[in-house]
Amino acid sequence: MKLKNLFEPYLKDNNELRQDFNNLIKCFPFVTILMGLDAYKLSTYLDKNQYKNKTQDEFYQDYLDKKFPKEFYNEFETFMKKYGFRGEGEIDIVNKRYSENPKTIINQFFSALLEYDESNNPQKDFDDTNTNRPEIFRKLYKFASKKGFASEFEKAYFFTVNFFQYRESHKYYIVFVIGSVRKLILKRAEVLLQRNLIDDIDDIFKLKIKSLDHILENVDVITKEKVGNKIHEDNKCREIVTTWKRQPIMFDSRGRIFSHERKEASKKNQLIGDSVSYGKVRGKAKVLKTVNEKVFNPGEILVTKATDSGWTPLIINCGGIILEVGGMLQHGALVSREFNKPCVVGIENITDIIKDGEEIEVDAIEGIITLLDREE
C-alpha cells in the first residue's frame, strides 16, 4: 500500500502521527464494513441487560421463538436480503450460507450486544472518521511537505479515497453468483435425495458437474450404488487436499514453495510479524479454525489463519487479531483498522504455537506478539 510505505519510517516513534494515519485509511465504505455496521445496528434493537447472564444457545432460542422486538425481525429480513448469500468460507460453494444457517450470524449479534454501548459505538466512529478525514489529510499533508513527499502523498491519497473502497465490491458479486449457483445445485440434490440416490444433501458437492448431469439425465434408471461409486471417484482429489494438515501459503506451478524470512525475536516468548492496524492490547487468546468452532467472548484476541467476510461480525467483538496470512489489504487487516483493533499478520504456524486461552500481548506498533505465561 503506497500510503503506508510513505509514512512507515515515521510511525513507530510518533503516537500522534500513527493515530492520524490510522484514521486516514480507515472507515471507507467497503461492503464488508457496511455489513459489520448493519450487524451492530441489529444488536441495538435488543436489551443488553436481558442477556448478560444468558448463553448463546438461549439467545438463539429466543430468536427462534420470536421473543426479539418486531423491529429486529424487520431489519434482519433486510440484512439477509443484502448478505444472506454470504458466510464463512463463502468462496467455496460447498459451504453453507447465512440464509441456510442463520445461527452462525445470530451468535455474532449476541457477542456484539455484550461488547458495545454508547461509549463504544462503531457507527459513531465510522461517521466521525469520515467527517474528520479532510482535516486529517490537511494535517498529514503539512507533515509530508516538511519531509519532502507531499506530492506523492497527495497522489496516493487521491487513489485511496476514490478506489480503495471498491477493494471488496467485486468479491461481493462473485459470492452472490456462487450463492445463486449453490441454490440451483441444492434443488437438483433434492431430486436425488427424494429418490434415495444419496444419503446426505451435501453429497451433491462431491460430484463433478459432468457426473451430476449424467446422473440427472438417467435418474429413472441409475442405482444408488452407481451414484455412490461416482461420488467416491469424483471426490478423491478433494479428500487428498482436506487431509493436509497445513497447506503452503504460496507455491508456483512447479511445486516450489516460497517462504518469507523473518527477524528473530529478542525473547523466547515473543513472535514477530507485520503490523497492519496499530495499537496494543492484552488478553486471552481464542484460537479458531472456523467462525463457530467455539464460543467467542467479547474482548478475546482472535488467532486464526486468515479471515473472510463471514468473520466480520466476530472481528468487531474481539480485542485484537493475529493472522497467519495477510497484508494491508487482507480482509482481517481492513476490518481491524475500521474497528480500531490491533492486528499483526504473517506469523507462520501461529494457530499451533499459541494455545487457546493463554494470556498474550499484541503489540501492533512493533509487530510483536508476547506469550505472557511463557518463559522469556
Side-chain angles (χ1 to χ4, degrees), residues 1-41 115-169 273-281 312 315-321 323 326-345 362-367:
M1 188 178 182
K2 180 69 171 177
L3 275 176
K4 186 187 179 188
N5 293 339
L6 292 171
F7 282 91
E8 194 161 34
Y10 313 101
L11 293 176
K12 286 187 177 180
D13 300 320
N14 190 327
N15 290 336
E16 184 180 352
L17 179 66
R18 189 167 56 245
Q19 186 64 48
D20 286 339
F21 180 76
N22 230 29
N23 288 334
L24 185 75
I25 62 172
K26 76 172 192 174
C27 293
F28 287 98
F30 295 106
V31 64
T32 303
I33 302 308
L34 297 178
M35 174 182 162
L37 293 175
D38 285 345
Y40 163 74
K41 182 181 178 182
E115 171 76 359
Y116 288 106
D117 52 38
E118 280 307 308
S119 63
N120 185 18
N121 183 331
Q123 183 65 61
K124 184 177 185 302
D125 182 56
F126 180 87
D127 295 338
D128 289 348
T129 299
N130 279 284
T131 299
N132 297 330
R133 198 187 312 278
E135 179 58 35
I136 295 170
F137 168 76
R138 286 191 286 272
K139 184 177 178 181
L140 291 178
Y141 186 83
K142 287 181 181 178
F143 177 88
S145 296
K146 291 178 183 177
K147 300 296 181 181
F149 60 87
S151 60
E152 291 178 272
F153 168 53
E154 188 172 28
K155 184 178 180 181
Y157 177 74
F158 171 83
F159 282 110
T160 299
V161 168
N162 287 286
F163 298 106
F164 194 37
Q165 62 186 339
Y166 300 112
R167 184 262 181 198
E168 295 225 333
S169 298
D274 298 318
S275 299
V276 292
S277 179
Y278 299 107
K280 186 183 285 190
V281 66
T312 301
I315 289 174
I316 65 177
N317 299 316
C318 72
I321 308 168
L323 301 174
M328 286 294 286
L329 297 181
Q330 204 269 349
H331 169 268
L334 292 173
V335 180
S336 64
R337 286 196 296 274
E338 304 305 315
F339 295 103
N340 300 311
K341 309 295 183 181
C343 182
V344 174
V345 304
V362 179
D363 180 350
I365 299 169
E366 300 292 337

Colleague: Are Phe153 and Phe143, when compared by the centres of their aromatic rings, separated by less than 6.0 Å?
Modeller: no
Colleague: Any side-chain heavy atom of Ile25 within less than 4.5 Å of one from Lys4?
Modeller: no
Colleague: Going by the rule salt bridge (charged side-chain N to carboxylate O under 4.0 Å, His left out), which residues pair with Lys142 if we only count those two or more places apart in sequence or in a different chain?
Modeller: none
Colleague: Only pairs at least two apart or in different chains count here, so list each salt bridge (charged side-chain N to carboxylate O under 4.0 Å, His left out) that has a residue in residues 147-156.
Modeller: Lys2-Glu152
Colleague: To the closest 0.5 Å, what do you measure between CG (Leu140) and CG (Leu3)?
Modeller: 9.0 Å
Colleague: Would you give me the side-chain donor-acceptor pairs under 3.5 Å for residues 132-139, sequence neighbours excluded?
Modeller:
residue	atom	partner	partner atom	Å
Asn132	ND2	Asp128	O	3.1
Arg133	NH1	Leu24	O	2.7
Arg133	NH1	Lys26	O	2.9
Arg133	NH2	Lys26	O	3.1
Arg133	NH2	Cys27	O	3.2
Arg133	NH2	Asn130	OD1	2.8
Glu135	OE1	Arg138	NE	3.4
Glu135	OE1	Arg138	NH2	3.0
Lys139	NZ	Glu16	OE2	2.5
Lys139	NZ	Asp20	OD2	2.9

Colleague: Checking Ser336 now: which residues fulfil side chain to side chain donor-acceptor pair (under 3.5 Å) with it, not counting sequence neighbours?
Modeller: none
Colleague: With sequence neighbours excluded, tell me which residues meet side chain to side chain donor-acceptor pair (under 3.5 Å) with Ser275.
Modeller: none
Colleague: Evaluate the side-chain proximity of Thr160 to Phe28: yes if any heavy-atom separation is below 4.5 Å, no if none is.
Modeller: yes
Colleague: Looking at Ala150, is its backbone amide N or carbonyl O close enough to the side chain of Ser145 to form a donor-acceptor pair, meaning the two atoms are under 3.5 Å apart?
Modeller: no
Colleague: Considering residues at least two apart in sequence or located in another chain, which fulfil the side chain to side chain contact (heavy atoms under 4.5 Å, CB included) criterion with Ser169?
Modeller: Tyr166
Colleague: Hey, does Phe339 have a side-chain heavy atom less than 4.5 Å from the side chain of Leu37?
Modeller: yes
Colleague: With Asn340, which of Asn22, Asn23, Asp125, Thr129 fulfils side-chain hydrogen bond (donor to acceptor under 3.5 Å, both in side chains)?
Modeller: Asp125
